[in-house]
Each structure stands twice: as structure tokens, then as C-alpha cells.
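Read through the structure below, which is laid out as C-alpha cells, and then see the notes.
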2 protein chains.
Amino acid sequence: MSPGSVGVVETRYLDLPAPLPLDCGRELSGVRVAYETYGTLSPGRDNVILVCHALSGDAHAAGIAATPPEEGTREGYARGLGWWDGMIGPGKAFDTDRWFVVSTNLLGGCRGTTGPSSIDPATGEPYGPDFPVITVADMVRCERAFLDVLGVERLAAVAGGSLGGMQALQWAVDYPDQVTSIVVIASTHALQPQGVAWNAIARESIMRDPDWQGGRYYGTGRSPDAGMGVARMVGHITYLSAPGLAEKFGRRFQNGLNYTITEPEYEVESYLRYQAAAFVRRFDANTYLYLSRALTYFELGPAALNRIKARTLLIAFSSDWLYPPAASREISEILGSSAEFHVIDAPHGHDCFLLEEARQTPIVRRFLQEATEREGTA
Amino acid sequence: MSPGSVGVVETRYLDLPAPLPLDCGRELSGVRVAYETYGTLSPGRDNVILVCHALSGDAHAAGIAATPPEEGTREGYARGLGWWDGMIGPGKAFDTDRWFVVSTNLLGGCRGTTGPSSIDPATGEPYGPDFPVITVADMVRCERAFLDVLGVERLAAVAGGSLGGMQALQWAVDYPDQVTSIVVIASTHALQPQGVAWNAIARESIMRDPDWQGGRYYGTGRSPDAGMGVARMVGHITYLSAPGLAEKFGRRFQNGLNYTITEPEYEVESYLRYQAAAFVRRFDANTYLYLSRALTYFELGPAALNRIKARTLLIAFSSDWLYPPAASREISEILGSSAEFHVIDAPHGHDCFLLEEARQTPIVRRFLQEATEREGTA
């Protein structure tokens, strides 16, 4: 059977019935979760895979959006395709003929799940900077509460790349008896200090934009697009590799040499401007700040990792210098025989986790088969 | 003899007698050059070494400034020490007992040489964005004109790191019969596309700051400190290596976990803020833009490099990912037997050229000795 599409999908919304406790000591009331599902829940509710997205993703992981987004930065995204459509569907890595795949927009997000741009029930105004500072564990707690409502206790797998992979690890640490397996792609147990720095620079760029207004820009007609554009540019370059950039753009001029400082001269300069402009149209700056802070805080030491009972698949990419293979190797060494670790030799840096579907697919399919057979699931 | 200091040094200024023609087709009148000299000019004027600085440097390369700068970002700089004091002085790499070392602030600079913050004689106002877009070849043409006034025709060596190394290469290309040797450290014949991108991001960050005001911020009481701060942060991280950052900062909190987005949590975050604040106090944003553009444009192909007659010393650092050793190797392969190439295994990234004095010194001393003996100079 050749891999297919899950078709047209509508994002749905669910309100959590109880306040969500948070690591910082506060709790959030009235949390709404945006989600999509693909495939069919088995009668025993034992074929559920939770897919977790990265910083700029959303609940729309697969298929064609019933309500297409206005404009996106990724080719597929622009056509309304889910951000992991190459991995989720009939016959794909997360095979919807077998698995019931659930995807949520994460806590703190700006695509339907409660985040800093949501209305604070206590004031009737958007939270803005009054939104509590959240952690990856809080995101996972939110996903756990959401699945409780769905009546799903145990997950056959939790899977994600980058910040999504952090959530998968945290799931296995916090709910060791409820997760059969995790798929952790291009991720880490703790951002290296250089990654901490890149994230700090991105946040500084947003917060130094006067249009950020201390985070209270909603309804003012101004938002920190300039600063978030720069933050996105930094992100883009860290997601790609130097050889990948050289291959894609070289030192090609756009229009010859024009002796200008204000206008782009090189193709890569023009690309950065375009990417920044597209991103700010679809993403909330405060969400960027909160998610960037959460992924910076994320740190699982050996004691935490040793609580993991799930079978663990770690995939890293040779050219990913932001989430380098060494981090996944370290996790794999701590987990020992319950983990398997693959480095895929590919040139496109951290972005490989969204691009190298063909090479991830057989690894993920076989892993899910073995991990769940071993547990007698599905 | 143990290496010593050149002592207290006063920066001097010299006005070029004729307009300076530029690559863009314009010319600059009334160009002033800030400079310092160390050592004694030989009667035959044949012991001159020109030292060229990098993006954030100035004419004060060695010794103690007679008028110390208000505040600096490097430890040595803060004490008024020249940026290459470890390399220039009696018994040092550029031995002032033997060489007459000349250091100028480059064209477009903001530390005494004519640049965008200087007064345009045509209007009586600062140039701002009306300053012509300059190239590394223009900087070298300015240095050539300056040395003409000093009565120095031939240089025993031109030396520099990073953008300073680009100037050294350009000198040997443009004045092949007037340069006996060049010392090119942590530099390249052409920035790789990733470096082009980092520079574009830095410029975007400055130009998107509303206080930049299209470059006409002089005298307004506002300057794009916020944007230039972010630009400097990006610079800092690209100048250091990931392992160097890990060694220096790890993931250490400053003050424990405080659940804050607006305040620095990790030591590396605090360091970035400090560096940015110190830099904006001493550097002009328009100069940053112009120099960043010039070093992005810089590109010497094999045809240009083959014009070089000077003996060429290339030094690169193993952990320098911004100006990687591969670029210096490529230059060395094009130049063949007239070049020697060393990779110093050191962990501090691009900044090594300012830090690894002890290991550069014997290489540079021997090279200068051999290169000039061969030519019968000095």
C-alpha cells in the first residue's frame, strides 16, 4: 500500500474540567486545548500515539486543514498541510491504519490552546505578561489532563522532534507506567549553553522592540513584529547547517552588486527577510517568549532519565548543531538497553526532523512494531 | 629578553591630502585617519608593519592609552590596553625592537577615522546613511594613501585577524609589489553563506530599531542601542565555540530558578546583556552597518589571489566555525609554496585570534624573520 493522506481535518477544541497546576506554583483555570486526531481509536483504547510539536508548530500535524491558514512559512504549511504530514497517515511512519494519532497545540501556544494571547478569566483581558511562566512538564501535565478527558489512560507512544521530543521524554519521566514507548527526534535532555544563548538572543530581540510594550500589545494595533522577525532569523540559521546554507544559497547575489546596506544583496539575505515576514503574520510574540523560556529550562539529569520505563527511540541528524547527536547519545547511554539510537547522516541541520521523512519512516515503523509487540499493545 | 609593553601611547590623526576614490564610484573628501605607531622607523623606511583591526577594534592596538576609553568589553580594553597588546611590543610577535608597527582605525570606523558619524564637509552634518557604501578594498586604499603621507612605500608586512586579515589579503592583491609578507589570522577570502546570514541578522536588528531613524540618529538624543545590543549578542555567540561556552558557563543559573522571562536566569544570559550594554556605549551603530556590509562583500577568487606575491602566513583555529580553517586552507592551496598554513587547536572559537597570543607568537616571529630575510628587508 502506498502511503496516503489522512484527508481534510478540522481542528477541535476541548476545555479542561479542572484547573491545571503548574511548576511555578500557580494554576491555570479554564484551559482550552486545540487538537486533531487521525485514525481510529481501538475499542480497548490501546492504540493511541500522542504527537508533540516544536516551537512554531500547532495541532495541525497531518492532512489538509479544513480551514487553511492564511499564510505560512513552509511550503507544505502554505498549502494547509500538517507540519508532519510526511510522517502521519495510512502507511506512513505513524500509520493511521493502525494507530490513533492525537496531536495537540501545546500549553502556552497561540494556535488554539490557552496561552499568553488568551483571555484571562480573572480579568477579561488577554494574559500577556501575566501568563504564568510554564515548563515542559507543565505542557505534559496539560496533555495528560486532556487525554484524561478523552478517556485515554495509556499511550502506545509519545513522539516529537525538538521541543516535541522534550515533551516525549518528560512524559516518560513523569508517567512511566502510562507510556509504552517514546520517539525522540532531534532533541535533547538539556539545551547546551550555546542553545541557551540563542534563545536568550531571540527573546531579547522581541522584548527590546518598543512595540512589545512589556507584553501588553494586544489590542494596541502594534505588535513586536520587527523584533520577532529578527528572532525568527536567528532561529532559521540555527535550524540549518552551514554546508546546507552554502548548498542552497552560496554567495549568490539577488540582483548583482548594488552597494546598499538597507536592501538585501545576497539571496540568503532576501530569504531571511521573507521568512521573518511570513512568520510574524502567523505567530504570537509572547508565545515565542514563553516557549523559548520553557525549552531553555528543560533539563533532565540521570536521576530523572532513570525513571523512564518506556522503550525509547532516539534519532539525531549528523548536521544538527543546535540539538547535536551527542545529546541523544548521552541519553541513550543513560537508558541502556531500553533505548536505541540512530544518527541519520543528512545535511540540513536541525530542520532534518521535518525534512528527512523517508529515512526516519522505516526506523520509526519497526520501532513502534517491536516496542508495542513487546508490551502486548495494539 | 622578556616581552614588554610599548608604554603609554597617544592616538594621532592625519588628514589625507586628496579625495579618496571608492569602489562604488564616489569619492570621499577630507578623510581623517586615526593612528598609532610603536617602535622606530628605520632610516631606510623598510621595517614597517601595518596592523589592521577587526570589526570592533580601533587604532589603539598596543600599549596603554594616554586617554583611556570610558568603558570597554574586553578585560584588557577596560584597562586601556590595546586590543592586540599581547602581540605587539618589545620581544613580542610583532617585535617593536625591530619593527615599526603602524595601526590605523579603518575607513568607516567610529574611533577617529572618517566614517558615517563624521561630519560631511558638503553639508556640515554627520554623514549618517549618506556615507558611501565602502569595501575592504576601499579601506586598503585609505591605508595606502595614509602611508603615502608618512612616506612609507613598501611594507615588510600587513597583519590582521578576521576583517583585519581580509585587509591584509586585499593589500597583497592590490599592491603586490609593495608588500613583502602578510599575516592573515582567523580570516577568509570570502565569508561563507552562514556568515553572510549572521551579518544580515545583525544589520536587520540595528535597522529595525526605531531609534535608528533611517541612520539619522546623531544629535537626536536617541540611538539604536537596543538593536545594536542584539547584533552584538549574535556576534559574541558566533565568535565563541559551543564547547567554549559550555566550559565557561555550563547551564549554571545566576540566582536559582526564578520563573522569569524578562530577567536573565542563566549566567550566559546575563553575560550577553552585559556585553551588549558595554558595547553600545563605545561603538557607533552606523559604523557597525557599514563594516558588516564591507566584510560581507569581501570575496577574492583564485584570479585575485594569484596576483599575490607576498609571502603569506595563514593561521586558523580549530574551533572557529565563523571563519573556519577550511577557508584558510583553500587560500593556502591556491597560493601554493608562497604560503604557509597553521591550524592551532584551541577551544575559544573565532575569538582565539585575540586570546591565543602565546601560541601565535613563535609562528609569527619565525615567519616574519624568514619572509623578510628572503627579501633582504629589515
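Note that the structure is predicted; figures quoted are calculated from it, not measured. Protein chains get the first letters and strands the later ones, always in sequence-line order, with residue 1 at the start of each.
- Between B:Ile261 atom CD1 and A:Tyr288 atom OH the span is 13.0 Å, to the nearest 0.5 Å.
- Contact count versus chain B (heavy atoms, under 4.5 Å) is highest, among A:Leu240, A:Asn258, A:Asp225, A:Val234, for A:Val234.
- Chain B forms the most heavy-atom pairs under 4.5 Å with one residue out of A:Ser292, A:Ala197, A:Gly229, and that residue is A:Ala197.
- Looking at A:Ile134, there are no atoms closer than 4.5 Å to chain B (heavy atoms on both sides), in backbone or side chain.
- Neither the backbone nor the side chain of A:Tyr271 has a heavy atom closer than 4.5 Å to any heavy atom of chain B.
- Remark: side-chain polar atoms of B:Arg251 are not paired, donor with acceptor, to backbone N or O of A:Pro193 under 3.5 angstrom.
- Classified by interplanar angle (parallel below 30°, tilted 30° to 60°, perpendicular above 60°), the ring pair A:Tyr266/B:Tyr297 is tilted.
- Contacts of A:Glu265 with chain B are made by both backbone and side-chain atoms, with heavy-atom separations under 4.5 Å.
- Interface residue A:Thr296: backbone and side-chain heavy atoms are both found under 4.5 Å from chain B.
- With a 4.5 angstrom heavy-atom cutoff, A:Asp23 touches chain B via backbone and side-chain atoms both.
- At a 4.5 Å heavy-atom cutoff, the contact between B:Leu272 and chain A is made by side-chain atoms alone.
- Proximity to chain B (any heavy atom under 4.5 Å) is restricted, for A:Val268, to the side chain, taken from C-beta onward.
- Annotation: the span from B:Thr262 atom OG1 to A:Trp212 atom CH2 amounts to 6.0 Å, rounded to 0.5 Å.
- When heavy atoms are compared at a cutoff of 4.5 Å, B:Thr135 approaches chain A solely by way of its side chain, counted from C-beta outward.
- No other option in A:Trp321, A:Tyr290, A:Tyr259 has as many heavy-atom pairs under 4.5 Å with chain B as A:Tyr259.
- Residues A:Thr238 and B:Trp198 come closest through the heavy atom pair CG2-CH2, 3.9 Å.
- Side chain of B:Arg293 to backbone of A:Thr260: a donor-acceptor contact under 3.5 angstrom is found.
- Contact residues of residues 199-210 of chain A toward chain B are A:Ala200, A:Ile201, A:Arg203, A:Glu204, A:Ser205, A:Met207, A:Arg208, A:Pro210 (heavy-atom distance under 4.5 Å).
- Of the atoms belonging to A:Leu289, heavy atoms from both backbone and side chain fall under 4.5 Å from chain B.
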